[in-house]
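Written out below as structure tokens is the structure these notes cover.
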Amino acid sequence: MSNSPQIKSKQRVAAHGEVFTAEREVKAMCDLVADECNRIESRFLEPACGDGNFLAEVLSRKLVAAQNKYGTPLLRPDYERASVTAVMSIYGVELLEDNAQVCRERLYKIWDDAYSKACANDATDACREAVKYILSRNILCGDALTMRQGKGRKEDPPIIFTEWSFIDGVQVKRRDFRLDKLIEANEKQKNSFLPVEDKYVGYDWDKKEFIPKPIKEYPPIDYRRLCEDGRS
């Protein structure tokens, strides 16, 4: 993660309260959860991700972990899948679309630099396109306070995140969830609310816990084909 200014302009600070966390603080805060940052599949959500200072640091650490585990020529297919898993596990919400786009591009470059170096001549454009597609689903423009897309107004659609899960060495299962219902299920569990009927939140009587329900599920597909038409 390169050093970057903490503000872009006084106007943006006044209009949006936009101030970016400095690199030193980002690294120090990630050090507090270093074990999770180094766990390739551990999921992170940054609710005001800006242009990606925190997410860039987390992804960089995950890719180092992938390199340490699979960074030999014989394990290149395993590294590829691990690096894709690292991207799949990172989510962000950002109110300003220009920041969200910079964040996507920044995360992609971090991944592609590591992928191109680790996989060399075995790197494929199909994998690169899949990662671009994953980032388009994982880094969203919206308001994490209202949990709605765009400007976060009542009339805007809810923020919807995708859960990506490898079900074998190649096939990925995609399930889409509403962010507000994920938060609601977590709050119900934390506060031990009584179960209630909800289209998006169910209750598992055996496990005695609230379970968010996906709004849509997709059939498994080769992870290199995630960006095929008709799946967005």
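In this structure, Phe54 and Cys30 approach most closely via the heavy-atom pair CD2-SG, 4.4 Å. For the residue pair Phe161 and Asn138, the shortest heavy atom distance occurs at CE2-O, 3.3 Å. Here the shortest heavy-atom pairing between Glu94 and Ala100 reads CG-N, 3.8 Å. Shortest non-hydrogen contact noted between Cys37 and Lys62 is O-CG, 3.2 Å. The two atoms that bring Ala120 and Arg76 nearest to each other are CB-NH2, 4.0 Å, heavy atoms only. Scanning both residues, Cys141 and Glu97, for their nearest heavy atoms gives CB-OE1, 3.0 Å.
Applying the side chain to side chain contact (heavy atoms under 4.5 Å, CB included) test to Leu135 and every residue at least two apart in sequence or in another chain returns Val87, Leu107, Tyr108, Val131, Ile139. Shown here are the side chain to side chain contact (heavy atoms under 4.5 Å, CB included) partners of Thr146, two or more places apart in sequence or in another chain: Asp143, Arg148. Every side-chain hydrogen bond (donor to acceptor under 3.5 Å, both in side chains) that Asp125 has, sequence neighbours left out, goes to Arg128. Checked against side chain to side chain contact (heavy atoms under 4.5 Å, CB included), Asp180 has the following partners two or more places apart in sequence or in another chain: Met147, Arg178.
Linking Ile, Leu, Val, Met, Phe, Trp and Tyr residues whenever their side-chain heavy atoms come within less than 4.5 Å leaves Leu145 and Val93 in two separate clusters.
We find that Lys69 and Asp78 are not joined by a salt bridge, their nearest charged nitrogen and carboxylate oxygen being 4.0 Å or further apart. Between Glu105 and Lys109 there is no salt bridge, since none of the side-chain N atoms of the basic residue sits less than 4.0 Å from a carboxylate O of the acidic one. Between Lys173 and Glu217, at least one side-chain nitrogen of the basic residue sits less than 4.0 Å from a carboxylate oxygen of the acidic one, meeting the salt-bridge criterion.
In the hydrophobic clustering (ILVMFWY side chains linked at under 4.5 Å, chained through shared members), Phe177 is joined by Leu182. When hydrophobic residues (I, L, V, M, F, W, Y) are linked wherever their side-chain heavy atoms come within less than 4.5 Å, Val64 remains an isolated member.
Here the side chain of Asp222 pairs no donor or acceptor atom with the backbone of Val170 at under 3.5 angstrom. A donor-acceptor distance shorter than 3.5 angstrom exists from the side chain of Tyr115 to the backbone of Thr124, with no hydrogens or angles considered. With hydrogens and angles disregarded, a donor-acceptor distance shorter than 3.5 Å links the side chain of Gln149 to the backbone of Pro158. Put simply, the side chain of Lys151 never gets that close to the backbone of Gly142: no donor and acceptor are under 3.5 Å apart. Side-chain atoms of Lys27 do not come within 3.5 Å of backbone N or O of Glu57 as any donor-acceptor pair. Checking side-chain atoms of Tyr91 against main-chain N and O of Thr162 turns up a donor-acceptor pair under 3.5 Å.
The OG atom of Ser83 sits 9.5 Å away from atom CE of Met88, with the distance rounded to the nearest 0.5 Å. Of the inter-residue distances, the one linking Leu59 atom CG with Ile40 atom CD1 reads 11.0 Å to the nearest 0.5 angstrom. Taking CG from Asn99 and CZ from Arg106, the interatomic distance works out to 10.5 Å, rounded to the nearest 0.5 Å. Within the model, atoms SG of Cys103 and CG of Leu96 stand 12.5 Å from one another, a figure rounded to the nearest 0.5 Å. With rounding to the nearest 0.5 Å, the separation of OG in Ser116 from CG in Asp122 is 11.5 Å. With values rounded to the nearest 0.5 angstrom, Phe44 atom CZ is found 9.0 Å from Arg61 atom CZ.
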- Query: Stepwise, does the side chain to side chain contact (heavy atoms under 4.5 Å, CB included) test hold for Trp111 with Cys127?
  - Reply: CA-CA 11 Å; Trp111 173 84; Cys127 186; 3.8 Å; yes
- Task: Check the pair Tyr133 / Arg137 against side chain to side chain contact (heavy atoms under 4.5 Å, CB included), numbers first and verdict last.
- Result: CA-CA 7 Å; Tyr133 179 71; Arg137 300 289 314 174; 3.9 Å; yes
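Within a 6.0 Å sphere centred on CG of Asp35, heavy atoms belonging to other residues, nucleotides or ligands number 12 at most.
Tyr223 pairs with exactly one of Glu80, Arg174, Arg81 by the side chain to side chain donor-acceptor pair (under 3.5 Å) rule, that one being Glu80. For the side-chain contact (heavy atoms from CB on, under 4.5 Å) with Ile160, the lone residue among Leu179, Ile215, Leu140 that qualifies is Ile215.
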